[in-house]
Amino acid sequence: MTTEATSSPAPQTPVPGAVSAREKKNRRQDSGGVRGWFGRQNPWVRAGLMVLFAVLAFLLPYVGEIPLIGPQIVTQGIDWPSALFNMSYYVLLALGLNVVVGFAGLLDLGYVGFFAVGAYTVALLSSPDSVLRTEWGWTAAVPIGLAVAMLSGLVLGYPTLRLRGDYLAIVTLGFAEIIRIVATSTETLRGDRGFSDIPHPPGEFADGKPIFGVADAVPYYWLGLAVIILVILGVRNLDNSRVGRSWLAIREDQEAAEIMGVRTIKYKLWAFAIGAFIGGLGGVMFAGQQGFMNSQTFVLQFSILVLAGVVMGGSGNIAGAILGGALISYIPDRLRGIQDPIWHTDLFGFRFAIFGAVIIVIMIFRPQGLIPSRRRAMELKDREKEVAPIE
Amino acid sequence: NSDSGSDDTASGNCGYKLAFFGALTGSSANLGVNIEQGFELAINQYNEKKGSTCIEVAKFDSQGEPGVAPGVARNLVADKKILGIVGPPFSGESEAADPIFEAAGIPTVTPSATRVSLSANGWKTFHRAVANDDAQGPAAGNYIKNVMKAEKVFVANDQSAYGAGLSEVVEKTLGSAVVAKDKTEADGKQTDFSALVQKVVSSQATVLFYGGYYQNAGLIRKALTTAGWKGTLVGGDGMKDPGLAKAAGNAAAVGTITTCPCSPPEKAGGTFVTDYKAKWNVDAGTYSDVAFDAANMFLQGIDAGNTTPEKLNTYLSTVEYKGIANTYKFTDKGELDPNYIKVWTFKFDATGNTIADQEVPTA
Amino acid sequence: MSEPHIETPAEADAANARPFDRPAPEGTGTGATAPAAPGEDVLLEVDNVTLRFGGVVALNEVSFSLRKGEIFGLIGPNGAGKTTCFNAMTGVYRPTSGGIRFQGQSIVGKKKHEITRGGIARTFQNVRLFPEMTALENVMVGADAHHKTSVIAALFRLPRHHREERTGRDRSYQLLRFVGIEHRAGDVARNLSYGEQRRLEIARALATNPTLLCLDEPAAGFNPAEKADLLALIRKIRDSGVTVLLIEHDMRLVMGVTDRIVVLEFGKKIAEGTPAEVRDNPAVIAAYLGVPTDAA
Amino acid sequence: MNFSGLIQDFGPLTITGLAQGAIIALFALGYTLVYGVLRLINFAHSEVFLLGSYACLIVWGFFGLDQNSATPSTLSVIGLLLLGLVAAIVISGITALGVELVAYRPLRKRNAPPLAFLITAIGASLFISETVGVMTQRNIKGVPPLIQPRDVFVIGNMHVTNLQILIIVLALMSMFLLDRFINRSRLGRGIRAVAQNPDSAALMGVNKGRVISLVFLLGGLMAGIAAVMYDLKIGVTRFDAGFLLGIEAFTAAVLGGIGNLRGALLGGLLLGLLQNYAASLFGTEWLHAASFVLLVLILLVRPTGLLGESLGRARA
Amino acid sequence: MLLELKDVTLMYGRIQALHGISLSVGQGEIVALIGANGAGKSTTMRAISGLRPVAQGTITFNGEDITKLRADLRVVRGVSQSPEGRGIFPGMSVRENLEMGAYTRRNRAEINEDLDRVFTLFPRLKEREKQVGGTMSGGEQQMLAVGRALMSRPKLLLLDEPSMGLAPMLIQQIFDIVVEINQQGTTVLLVEQNAQQALSRAHRAYVLETGEIVKSGTGAELLTDPSVKDAYLGVA
Ligand SMILES: Nc1ncnc2c1ncn2[C@@H]1O[C@H](COP(=O)(O)OP(=O)(O)OP(=O)(O)O)[C@@H](O)[C@H]1O
Ligand SMILES: Nc1ncnc2c1ncn2[C@@H]1O[C@H](COP(=O)(O)OP(=O)(O)OP(=O)(O)O)[C@@H](O)[C@H]1O
Ligand SMILES: CC(C)C[C@H](N)C(=O)O
Ligand SMILES: [Mg+2]
Ligand SMILES: [Mg+2]
C-alpha cells in the first residue's frame, strides 16, 4: 500500500492496518448471538419484543399449567408464586448491584446493606414492634425507606471515594457487617427478634379481601415485576448516555478519566446512590411481602450471592443481571424434591454445594457471564450506517 | 370459601393435612427434630388405626431461623389442606411466622416456644402447650440461689427472642447476685467465645447462666473448661440436648444444669417411650412427648368433625385434653392453664445425656 | 476510488479544516503563524516552578509562558522534567513552589477535571486510554466534558440530553476521522496497535474542546511518513484556534512545526527561542542535539 | 462501656489477643500472597483453612482420639502434633493447588475479567464448605485434648499458657521463614515480578504458572498451620469455621496492606488485640463491629493499609 | 538460520493479526522489521517470544521447534526481548529490574560484570540505581528496558522500537550499541519506526503490511526502494 500522505492536506493518513473484508466480516460475527441480533433489530421490533417478554413474565405464575414443560419449570414443594416473588427482589438487587459493580466498577461486597436500610426503615415506621410506634402504612413508609437507603449510599460512598478497587470491597463488606451487627445488638433494631406485622401494600378486591394478603403471592410478584420494568427503563437510559460512559471511564482508569474532564466523585456518588436506591427498593418490597424482618436476613452470604448473580449473568449488562439475579434464587430452590441417584437423598440439602459447582462451570465456559455486555458493539453498529466513510 | 377443595371425598374426615413447622436442619435442629418425630409418631399411629393415610404429614423446615421462617410459612399457608400446625418450636421463629398463620387463620400449638410475650400479641390461633418463661426463669433463678447457693452469677444470652427473654427473667429473680453480663451471637454464627470466657473468669462468678441453645452453650462450656474455670453452667430448655455434650466434650459437660418446663420424657405415660424408640431408633428427646400430645389433640378435634381451620381453632379453645405428658387446657390468650404448669431441672451426666434432677417451684 | 466524489454538505463540514465547533479565541487570527509580540495574549504562565521528588529535583525554578495561538515546543534530554511539567500543569502533581496561571487564573491546586474543563487537554507519554472502551467511546468521554445535562436528564431521556448525545457522537466521529483512525471506531482501544492508540489519545484530548492542547511525544512510534502527517495535523489543530504545547524528541518535527521552544536540562531551563535560535545554541547542542550532522 | 474492666484485664486480654492474632495473621498470609500476585481476592482460601482444620482431626482420629479421650503422654503428643501439622499442611496445600487448578487456571487461560475469578473462587468456597456441611450434618467436631493448657508464667493476672506460647512462636517462625523466602530468594523475586507485570516476567524467563502455583501452595501451607493452631485453641471446628475466621483474616490482610507480608502479620496481631479489648470494653457482641470500624478508619487515613502494598505494583 | 518463522498466523480473539508470515534471521545478523502502525511488527515479536500463541505455522530456533514452547523456556534457550511499551517492573528498583533480566542465570560474577556494562552504557541508570522503576521518565524507562534485555546474555535479542522516546543523542547511541552487541556475537531482530537508521545498520530487512510480509531484502536495497522510501522514510 503506497500513500499520498505527505502531500495530502487533510490528515487522511494512510490507513495502516486497514480492515480487510475478512476482518469486517469477523467483526460482524463478533456481535452475533442473541443480544447482538436483538440490538440490530429496528426499534419497533425491539419494543414489540420487549412488550412480549414483559407479558410472558407476567404470566409466569401460571407456567405450571403448560402441559409437560410447565411442571419441569415450576419448583415443587414450595409455593411457586412466592418463589417468583423471591426471584423478583433478587432481580432488583442484581439490577442495582449491576449499576455499582457492572457499570461503575465499584466492587461492593456489602450491597445488601442497602436492602437492609430500606427494609428497616419501613419496619421502624410501620411495625407495631417499633419504638417509634408510628405504625404507618406501607405506602407511606416506602418513600422514606427509599430516601434513607439512597442517603446511606451517599454516606457510604463519600468517605470511600479515595479507596481503590479491592479496598473498597472490604470496606463495603465491613459496612454491611456493621449494619448487621448494629441491627443485631441494639435494642431499637431488635436484633434476631426482628419486626413483625409489617403492613402489606394496600388495596382490596371487590369482595373486601386484601389484594396483598398472606395466602396468594401472585399480586406481590406482579408488583415486583412492575417495579423491575421501571427500574430497567431508568437504568438503561443511564447506561446509554454520558453517565454510563463516565462510569466506564472511571472503571478503566480513574486518573485519566479525571484528566479528560470526568467528575469522578460526582459519578461515583451517583452510582452508589442509584445502587442504594434500587437495593432499598428490594428491601421495601421484601418487608412488605414478608411482614417480618430481622438482622439475619442480611447476612454477608446474601451480598456475595447477589454479586455472584450479577457476574454470572454478565456484569455490566442489564439482561445479564436479570438472568443472574433470577438464577441465584431459582437454582437452589429448584433442587428441592430431586433425588440423587445413589443415596436417594433430597438434593435440596446439597443445594449450595451444587450451586457452587454450577457457578464455577458457568464462569469457566462463559467468563464474561451468560449474557455478556455488547453495548459498545451495538452502539457502533447503529452509527456505522449513519456516518458513511469519506474516500 | 370452600375450605379444602373438591377432593374431600374420603370418609371419616380424612384427606386433610397436619403440619409440622420448625427446624429440621440448622444449628439447633436437634430440638426441632425431637418435636417433629413426636408429632409424626402420633399421626402415624392414628393412620394405622384408621388403616389408611387419612391425615397426611406436612413438614416445613424453618431452619429455626426467624429470617427464614416467614418465607416458609407462606409456603405452608398456600397449602389449603392443612388444618393445623404443631410448632413453631422456637420463640424467635414464632414471632416471625405466627402473624402469617394468624392472618391465614390456621391454628398452631407450640409444644415448646416459651417466650412470655408470644401470648401478648392477641393472636387467636396461638396455643402454647407448656409453661412460659415466667415460670421457667424464676425456677432457674431460684435453683441457682437456693439449691446451688451461688453468690456470684454471670448472665449471658444469645440475643435471640428466647435467650434474651429468659435471661431477663432470670436476672430479675437473681437480683444482686448478678455480677456481670454479656451477649453472644446467635447459634451458628460464632465458634470462638474466648472473649466471653475471659470475662467470666475475671468476674469470679461461680455460675454462668446462659440464655441460648445447646450448641453455643456447649462451645462456651468447652472454652470455659479450657480456660480453667471451675464454675457451673446453667441454662434453660434450649440447652437440654445431648448436643451440648457433643460440643463441649462429655467431661466438660458433666454437671451442667438445665431447666425445662416439661416433665422428663422417660416418665411419659402409655407406651409412648417404647413406641418412639421403636419408630425412630432413638430415645424420645426434649418435648417429643408434648408434640405427640399436641398432634393427638388436633387429631381428636378432626375426628370430631372440625375439618376447617376455623372450627379446629374454636375446638382448641374449649378442649381439655389429657395426654401422655400432661393435661392441656388453654386460657383465652392461648397459654397453658396455670394448673398444669411444671418445671424440672436436669443435669448432664458423664455419658453426655441429661438426667432428671428435681421438680422446682416456679415462683 | 476513481469516481469523482461530490461532497454532501455534512461531509464538507466534517472534512472542513476546523473540526471543532467552537469559536476561535478572539485576538488570534486563524492561521497566524508568527509568534505574537511579547506580553501580548499570554495564555499560560509557568512561573518559577520547582518540583521535587525526594532527592530528585525534576523541575528547578522553571519559568516560561505560552501565547495564544502558537505552537510551543518543550524539549530536552531524557529525564529533564518535561513530562513532570505537564503533570504539574494538569493537576497530577502539585509544584513544590512556584505558580502556574492559565488565562490569568492560578490553576495550582485545582482538581484535574476542573483544569480540563477550563481548557487544558493532554495526551500521555505512556498511552493511557480506557482500554475496554471503543475508540469512539474514548473520544466521547472527552466530548462529554462540556455537556450540560447529567444524571437526571439521562435517566428520563430528556430531549436536550438526547441532542447533546447526538452532537457529541458526531463530533467524535469527525475527530476520529481527523486523526485517521475512523475505521477503528468500533474496536476497543486495547486492540489497537500502539500507533493507533497514540492517535486516539490525540482525538480524545481534542474532544474536550481545549484552548491549550499538550502533546507528550505524540510522534513516538510513528514512521517518518506518519510523522509528516502528524505535523500537518498539529498545524491544523493550531489553525483551528487551539494553542499547542508539544514535547517531542524528533527534531525534524519540532523544528518544522513549533513557533518557539524551551529547552530543559536536569529540570532547569537552558534555552528559549525560535527553532532557529535554539538549534544553534551551543548549550542545547551539547546537552541534547549532539553534533548537528544528522538531525534525524 | 466498661473501662475499669478493660484496665483490670488488660494483661489477660493482651495475651489471648496475641494468640488469636497470630492465627489470624497466618491465615491472612494466603490472601495477601495471592492478592499480591494476581490482584484477586481468593475467596476460597477460607476453605483451604477449613479442610486443614479437619485434616488433623481425621489423622488424630486414626489413633482413636476424639474429644472425649484422655490427654496422651507428652512424647506421643509431640508426635501427634507433628503428624497433625503435616496432615493439615498437606491437605491445605493440596486444596489451595486444587482451587487454583479448578477455579483460576481455566479462567486465566481464557483471559477472563477479574470479577470472574472472584466468582469462581466464591463458587469453590461454597462448594467445599457446603459439602463439608452436608457431610458433617453441620455439626461441630470436637478436638482431642492434646494439650492441657497450663500456665507457663504469670505476670499479675496475666496467665500465659503453654498453648498460647506454642501458637505465637510457631506463627512467628513460619512467617519469618516465609518472609525470608519471598524477599531473599530468586523465586521470591519471580513472584514479585509476576505481580508487577506478568508479560515482562515471562520475558525474563519466569515460569508464571509455577510461580502462581507456588503462591497458592505457600498460602495453603500457612493456612494449614493456622488450622491446627485454631483447632487446639478453640477445641472444635465446623463447616463454616473457615468462613467466619476468613473474614477476619481478610480484614487483617487489608488492614496491614494487602499484598504486603509483614502487613498481614501486623494486621493480624492488631485485629486479635483489638477484638479482645473491644469485647471487654463494649461487650462481646461488638467484637466484629469493632474490627470493621477500625478497618474503615485506618483505610480512610491510609487508603492502602498500614504498610501499603509492596508485593504488588506501585502506581505506574 | 538461527530463527525461522514459517507461515505464522496469529489471532487476537477473532482478529487475525498475522496472515502467515515467513521470515528468518541468520546467526550473527541484524535483521530489521519495518511497517506502519498496526502492521503486526510487535505481534511478530510476541509470537517469537511466546507471549502469544500462534494459530498456525512453526517457529524454529537454533534448529529446535519452539512453536509450542512456553515463553519462559524460550528465554532459557536464549531469546530475549525488550518489549513495546517497555514493560519494566514499576515497583522494583532500577537495579532489581536489571537483576530480573538475569533471572535465568546463576553465575554471580558474570551477572555483576554485565550489570557494570549496562551501567556504563547508560550512566543515568547507575545514578538512579535505587529509584523505583515506575517513577522513571519515559526515556529512562526505555534505557532500563534495553539494559534489562541485555542482562540475559541472549543469543537472539528482540528489540521492539528501542529508540522510542529517546533524545536524539541517545538514539544515535542506541543504534551504535546494537551494532556493537551484534559484533560481539549477538543476533538482533529489530523493529523500528526510525527506518532510515534501522535499514542502514541492518544486514537484511522485512517490510510488514497488515499482517503480511510484502517485501524483503538487504538493508541497502530497501533503503533505496522507491515504495519503501515513499511509505516509511518520508521525504529526505
Ligand atoms: N514520582 C517520581 N519519583 C521520583 N523521581 C521521579 C518521579 N517522577 C519523575 N521522576 C524523575 O524526575 C525526572 C524528570 O522526569 P520526567 O518524566 O519529567 O522526564 P522527561 O523530561 O519527560 O523525560 P523523557 O524524555 O525521558 O520522557 C526523571 O529523572 C525522573 O526519574
Ligand atoms: N492485544 C491485542 N488484542 C487484539 N488486537 C490486537 C492486540 N494487539 C494488537 N492488536 C491488533 O493487531 C494488529 C497488529 O498490531 P501490532 O501491535 O503488532 O502492530 P505494530 O506493527 O507493532 O504497530 P505499531 O507500530 O503501532 O506498534 C493491529 O491491528 C492491532 O490492532
Ligand atoms: C425447643 C425449645 C428449647 C425452644 C425454646 N424454649 C424457645 O422458646 O425458643
Ligand atoms: Mg517524558
Ligand atoms: Mg508495535
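First the proteins, then the strands, lettered A, B, ... as listed; each starts at 1. Note that this is a predicted model, so its numbers are computed, not measured.
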Heavy atoms only: give me the nearest T297(A)-G67(B) pair and the separation to one decimal.
-> OG1-CA, 4.4 Å

Qualifying salt bridge (charged side-chain N to carboxylate O under 4.0 Å, His left out) pairs with a residue from residues 325-336 of chain A, counting only residues at least two apart or across chains | D333(A)-R336(A)

Highest number of heavy-atom pairs under 4.5 Å with chain B: which of G191(A), G213(A), S185(A)?
-> S185(A)

Minimum heavy-atom separation for P70(B) to F292(A), with atom names?
-> CG-CD2, 3.6 Å

Less than 4.5 Å apart, any side-chain heavy atom of D79(A) and any of R74(B)?
-> no

Determine the minimum heavy-atom distance between P99(B) and D197(A), stating which atoms define it.
-> CB-OD1, 3.6 Å

Smallest heavy-atom separation, A215(A) atom then K80(B) atom, equals CB-NZ, 3.6 Å

Between N75(B) and S82(A) the two heavy atoms that sit nearest each other are OD1-CB, 4.0 Å

Tell me the salt bridge (charged side-chain N to carboxylate O under 4.0 Å, His left out) pairs involving residues 115-131 of chain A, sequence neighbours left out?
-> D129(A)-R190(A)

Proximal component of E93(B), with respect to chain A [non-hydrogen, under 4.5 Å] = neither

Residue pairs meeting ring pair (Phe, Tyr, Trp, His ring centres under 6.0 Å), one or both in residues 55-83 of chain B, sequence neighbours left out, come to none

Should we count NZ of K189(B) as having more than 12 external heavy atoms under 6.0 Å?
-> yes

Evaluate whether atom NZ of K17(B) has more than 12 neighbouring non-hydrogen atoms of other residues, nucleotides or ligands under 6.0 angstrom away.
-> yes

Relative to chain B, which segment of Q296(A) carries a heavy atom at a distance below 4.5 Å: side chain, backbone, both, or neither?
-> side chain

So which part of F348(A) gets closer than 4.5 Å to some heavy atom of chain B, the side chain, the backbone, both or neither?
-> neither

Would you please go through residues 27-35 of chain B and name the residues with a non-hydrogen atom below 4.5 Å from one of chain A, in numerical order?
-> none

Okay, S117(B) and chain A: the region with an atom under 4.5 Å from a heavy atom over there is side chain

No-hydrogen, no-angle side-chain donor-acceptor test under 3.5 Å, T184(A) and Q159(B) | no

What residue in A186(B), A164(B), G71(B), A69(B) has the most heavy-atom pairs under 4.5 Å with chain A?
-> G71(B)

